[in-house]
Amino acid sequence: MPLFALMDCNNFYASCERLFRPELKAKPVVVLSNNDGCVIARSGEAKALGIPMCAPAYQWEHAFRQHGVAVFSSNYALYGDLSNRVMSVLEDLAPCVEAYSIDEAFLDLSGVAEPLALCRTIRERVGRHTGIPVSIGLARTKTLAKLAARRAKKDPALEGVFDLSACPDPDAVLRETEAGDVWGIGLRSAKRLLARGVRTALDFSRLPADWVRKELTVVGLQIQLELKGVSCLSVASAPAARRSVLCSRSFGQLVEDKEHLREAVCAFAARATEKLRAEGLEARALQVFTLTPRHREALPQHQGQATVTLPGPTNFTPDIVAAALRGLDLAFRPGFAYQKAGVVLLGLAAASGRQHSLLDLPPEERRRQRALMHVLDSVNHRHGRGTLRLAISSAPDRPWHMRQHRRSPRYTTNWDELPRIGAGRNSAALACGQRARHLLDE
DNA sequence: TCTGGGGTCCTAGGACCC
DNA sequence: TCTGGGGTCCTAGGACCC
């Protein structure tokens with residue numbers, strides 16, 4: 001019989017921020033999205049204050065002050081690094097691990113002798129090695145394991161681990177889960193289900209399959225089977241080949257000036273191309289898009305989008321930037337105040353295995369391009385992102401740059417931002433230092 | 001003043017082929 | 001009156017995830 005576990009870090013970003021600030025242990029903590037726009041993570045105490053997920057930060061400033069909420073800009077360098085540490089603990093203990101997201105992993109525990117005991121060990125060791133609290137759900141399918149993990153998180157009596165496969169009354173768990181909370185059922189599907197009188201995961205699992213197929217496509221059908229205990233999804237221990245690379249940002253202020261938009265698109269294209277090279281990939285096409293602010297209906301709205309085919313697969317920044325600027329010419333309409341733009345690289349393939357073409361650049365020229373990009377990446381890796389860049393992407397204080405006023409230090413990934421044990425700091429600071437040294441020793 | 005960023009998958013429809 | 005059938009590939013748009 002197949003058996004899956006889902007490990008989910010509790011309030012992951014908020015837990016990361018607390019790690020080096022032990023004085024925040026029982027305090028409400030929230031983490032904001034890029035641009036300090038809205039709430040994307042909350043500690044348990046913040047949830048208890050009624051601060052909803054995705055709450056616009058400016059509407060809650062008063063409540064933050066009133067209740068002494070610790071507010072952080074998002075710090076992805078920190079979260080990414082801690083995520084890697086959590087995943088490596090899992091790799092040490094479990095036979096087959098799929099890092100599903102920054103804070104979740106699926107484990108295939110089919111054939112493991114004592115799966116529940118293993119899950120308890122995992123939870124204890126992740127906590128001891130990283131300081132991140134996690135919940136783990138066990139079940140016969142991935143979709144059910146997600147449900148089990150939700151329950152493990154919610155019910156303190158379970159101490160963070162719940163085995164749905166050994167539950168005497170699994171239907172009760174499905175009955176207590178709203179259909180919209182099932183993995184893969186979003187807002188639209190939940191509305192359709194509700195219109196048919198389906199409220200709970202149990203109701204959904206009992207719908208006629210042909211209705212589900214027709215209304216929710218094969219995706220819905222698969223979810224239904226998984227809820228009934230028929231495993232359709234396996235654990236992918238090797239990550240699938242990437243299909244696209246995206247870089248987009250909301251601007252710190254609305255942007256009308258095309259010149260500023262060109263700078264932004266240039267910077268996004270350059271950043272996306274860096275990611276491409278870091279993974280040894282090349283792109284054959286790209287898309288540029290521009291957006292006016294959705295939430296301000298009084299302003300004239302425009303969504304621009306343009307696709308540009310590159311002459312051949314490439315990861316050479318100047319060529320991709322030039323193509324992106326041609327795309328912007330098509331996606332830009334004057335007279336609008338833009339809030340966001342982005343660049344998507346498409347048609348990805350490994351740079352090493354590429355098909356040669358009659359239209360390719362001469363090998364000497366390709367070598368020259370590769371060498372130039374190698375220097376660019378090395379300098380930026382050593383001295384910080386953006387140290388070496390195309391002249392058009394301009395200085396680091398432009399109106400379109402995002403706001404990020406409350407970012408915590410990159411404690412674990414930047415030598416200049418390590419926590420310090422020093423004069424005038426209290427014992428909490430000492431604890432920080434010990435934690436840091438422990439992490440560095442690892 | 002002020003509402004994120006980065007992905008994947010499915011479907012329908014059109015272009016094109018023999 | 002009356003103009004096939006079967007297939008692939010690409011793209012745009014929608015839905016969903018964290």
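Chain letters run A, B, ... following the sequence lines, proteins first and then strands; every chain starts at 1.
- A salt bridge between Glu104(A) and Lys153(A) is absent, with no side-chain N of the basic residue lying under 4.0 Å from a carboxylate O of the acidic one.
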Go ahead and write out DNA chain C as dot-bracket, 5' to 3': ( ) for pairs within the strand, [ ] for ones crossing earlier pairs, | when the partner sits on another strand, dots for unpaired; Watson-Crick or G-U wobble, both distances under 3.5 Å. ....||||||||||||||
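- Across Val112(A), Leu138(A), Leu93(A), a single residue satisfies side-chain contact (heavy atoms from CB on, under 4.5 Å) together with Cys119(A), and that is Leu138(A).
- Trp400(A) has its CH2 atom 20 Å from the C1' atom of dC2(B), to the nearest Å.
- The side chain of Tyr76(A) approaches dG4(B) more closely than any other nucleotide in the set dT3(B), dG4(B), dT11(B).
- Nucleotide dT11(B) holds its C1' atom 14 Å from the CG atom of Leu216(A), rounded to whole Å.
- Counting non-hydrogen atoms under 4.0 angstrom, Val182(A) reaches the backbone sugars and phosphates but no base.
- Rounded to the nearest Å, the gap between the C1' atom of dG4(C) and that of dC17(B) is 14 Å.
- When rounded to the nearest whole Å, the span between CD1 of Ile223(A) and P of dC9(B) equals 14 Å.
- Residue contacts for Asp36(A): at a heavy-atom cut-off of 4.0 Å it reaches no nucleic acid atom on any strand shown.
- When the side-chain nitrogen and oxygen atoms of Gln339(A) are compared with OP1 and OP2 of dT3(B), one or more of them lie within a distance under 4.0 Å.
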Determine, step by step, whether Phe4(A) and Trp183(A) satisfy the ring pair (Phe, Tyr, Trp, His ring centres under 6.0 Å) criterion, reporting the C-alpha distance in whole Å, the side-chain angles of both residues, the deciding distance to 0.1 Å, and the verdict. CA-CA 15 Å; Phe4(A) 300 93; Trp183(A) 186 39; over 10 Å; no
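- Relative ring orientation between Tyr338(A) and Phe332(A) is described as tilted, the plane-to-plane angle lying within the 30° to 60° band.
- Closest contact between the side chain of Arg296(A) and the listed nucleotides dC17(C), dT1(B), dC10(B) involves dT1(B).
- Nucleic acid contact class of Leu187(A) (heavy atoms, under 4.0 Å, all strands): sugar-phosphate only.
- Contacts between residues 231-255 of chain A and DNA chain B, defined by a heavy-atom separation below 4.0 Å, involve Arg242(A), Arg243(A), Ser244(A), Val245(A), Leu246(A), Cys247(A), Ser248(A), Arg249(A), Ser250(A), listed by number.
- A cation-pi contact, defined as under 6.0 Å to the ring centre and within 45° of the axis, links Arg196(A) to Trp211(A).
- Distance Arg150(A) CZ to dC18(C) P: 10 Å, rounded to the nearest Å.
- Stacking of Arg406(A) on the aromatic ring of Phe72(A) is not recorded, the 6.0 Å distance cut-off and the 45° axial limit not both being met.
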Tyr76(A) vs Tyr13(A), ring pair (Phe, Tyr, Trp, His ring centres under 6.0 Å): CA-CA, chis, key distance, verdict: CA-CA 9 Å; Tyr76(A) 290 103; Tyr13(A) 297 170; 5.8 Å; yes
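- Of the candidate nucleotides dG5(B), dC16(C), dT3(B), dT3(B) has the atom lying nearest to any side-chain atom of Tyr58(A).
- Close to dG6(B), at under 4.0 Å from its OP1 or OP2, lies a side-chain N or O of Lys275(A).
- To the nearest angstrom, P of dT8(B) lies 15 Å from CH2 of Trp183(A).
- Here Val344(A) lies out of heavy-atom contact (under 4.0 Å) with every strand.
- For Asn34(A) and dC2(B), the CG to C1' distance is 15 Å, given to the nearest whole Å.
- In this model, the phosphate group of dC16(C) is not approached by any side-chain N or O of Lys146(A) to a distance below 4.0 Å at OP1 or OP2.
- Residue-level contact check: Ile185(A) touches the backbone only, with heavy atoms under 4.0 Å from sugar-phosphate atoms and none from bases.
- For dA12(C), the OP1/OP2 oxygens have a side-chain nitrogen or oxygen of Thr307(A) closer than 4.0 Å.
- A residue-by-residue look at Pro293(A) and Arg213(A) shows that Pro293(A) has its nearest nucleotide of DNA chain B further toward the 5' end.
- Between the CZ atom of Phe268(A) and the P atom of dG7(B) there is a distance of 14 Å, given to the nearest Å.
- For Asp81(A) and Thr413(A), the side-chain atoms include no donor-acceptor pair closer than 3.5 Å.
- For the OP1/OP2 pair of dG4(B) and a distance below 4.0 Å, the side-chain nitrogens and oxygens of Arg294(A) include at least one atom meeting the criterion.
- Note on Glu45(A) versus Lys27(A): no salt bridge recorded, every NZ/NE/NH1/NH2 to OD/OE distance being 4.0 Å or above.
- Among dC18(C), dG5(B), dT3(B), the nucleotide with an atom closest to any side-chain atom of Glu104(A) is dC18(C).
- Taking a 6.0 Å sphere around CD of Glu61(A), one finds it holds more than 12 heavy atoms contributed by other residues, nucleotides or ligands.
- A salt bridge links Arg271(A) and Glu274(A); the closest N-O separation between the charged side-chain nitrogens and carboxylate oxygens is under 4.0 Å.
- Of the side-chain N and O atoms in Arg271(A), none sit less than 4.0 angstrom from OP1 or OP2 of dG5(B).
- Between Arg188(A) atom CZ and dA15(C) atom P there is a gap of 4 Å when expressed in whole angstrom units.
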